[in-house]
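Notes to accompany the following structure.
Values in this document were obtained by computation on a predicted structure and should not be read as measured data. Computed from heavy atoms alone, side chains included, the values below leave out hydrogens, waters and symmetry copies.
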Amino acid sequence: MAAGLPILWVLAFAVPVQWFFAGWEAAATMAGRLVIAVALAAVYTLTTTVTATLDAVQLLLRPFARWVDPDRIGLALALAIRCVPLLADLVREVLDARRARGAEGSPTAFAVPVMVRTLRTADRLGEALMARGVDD
């Protein structure tokens, strides 16, 4: 149930707004489409590995290799997928540190450390890729 909680928050906001502006039919259609899309995404995520998805993207891009590098796009997608939990952990650490300092109400005590740590992480990642020969 916890995995479906974010969609409930979206629906709790979007359905009344849609109902107000477009009527109950439009609100019901939008809610149904959103729930189906999230359910299909969840099924896809549970049944398909990231490696299989990246391999499929690279395979689909092979005919366009004249214009794009499928391996480079696959690497970019893999890095993007890897960075989501990395950034979530970084934000969680900054929130914990902010709470420990007693600066819970300060947006600056959140935004500045997140930005600095994100940029440092991106810089280290770029250096690691360059060390492995993945640069122009």
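Atom CZ of Arg132 has 12 or fewer neighbouring heavy atoms from other residues, nucleotides or ligands inside a 6.0 Å radius.
Under a 4.5 Å side-chain heavy-atom criterion applied to ILVMFWY residues, the cluster that includes Leu54 comprises Val50, Val57, Leu61, Phe64, Trp67, Val68, Ile73, Leu77, Ile81 as well. Hydrophobic cluster membership of Phe110, counting Ile, Leu, Val, Met, Phe, Trp and Tyr whose side-chain heavy atoms lie under 4.5 Å apart directly or via other members: Leu90, Val91, Val94, Leu95, Val114.
We find that Arg62 and Asp71 are joined by a salt bridge, their nearest charged nitrogen and carboxylate oxygen being less than 4.0 Å apart.
Residues Val43 and Leu46 do not share a hydrophobic cluster, defined by chaining ILVMFWY side chains whose heavy atoms lie under 4.5 Å apart.
Put simply, CG on Asp96 and CZ on Arg101 are 11.0 Å apart, with the number rounded to the nearest 0.5 Å. Going from atom CE of Met115 over to atom OG1 of Thr108 covers 13.0 Å, rounded to the nearest 0.5 Å. Residue Leu86 holds its CG atom at 10.5 Å from CG of Leu79, rounded to the nearest 0.5 Å. One finds the CE atom of Met130 at 7.5 Å from the CD atom of Glu127 (value rounded to the nearest 0.5 Å). The structure places CZ of Arg124 at 13.0 Å from CG of Leu129, a figure rounded to the nearest 0.5 Å.
A pairwise comparison of heavy atoms in Val15 and Ala27 identifies O-CB, 3.7 Å as the closest pair. In this structure, Asp89 and Arg92 approach most closely via the heavy-atom pair OD1-NH1, 2.7 Å.
A side-chain hydrogen bond (donor to acceptor under 3.5 Å, both in side chains) check over residues 14-34, counting only residues at least two apart or in different chains, returns nothing.
Using a 4.5 Å heavy-atom cutoff, the side chains of Val35 and Leu11 are in contact.
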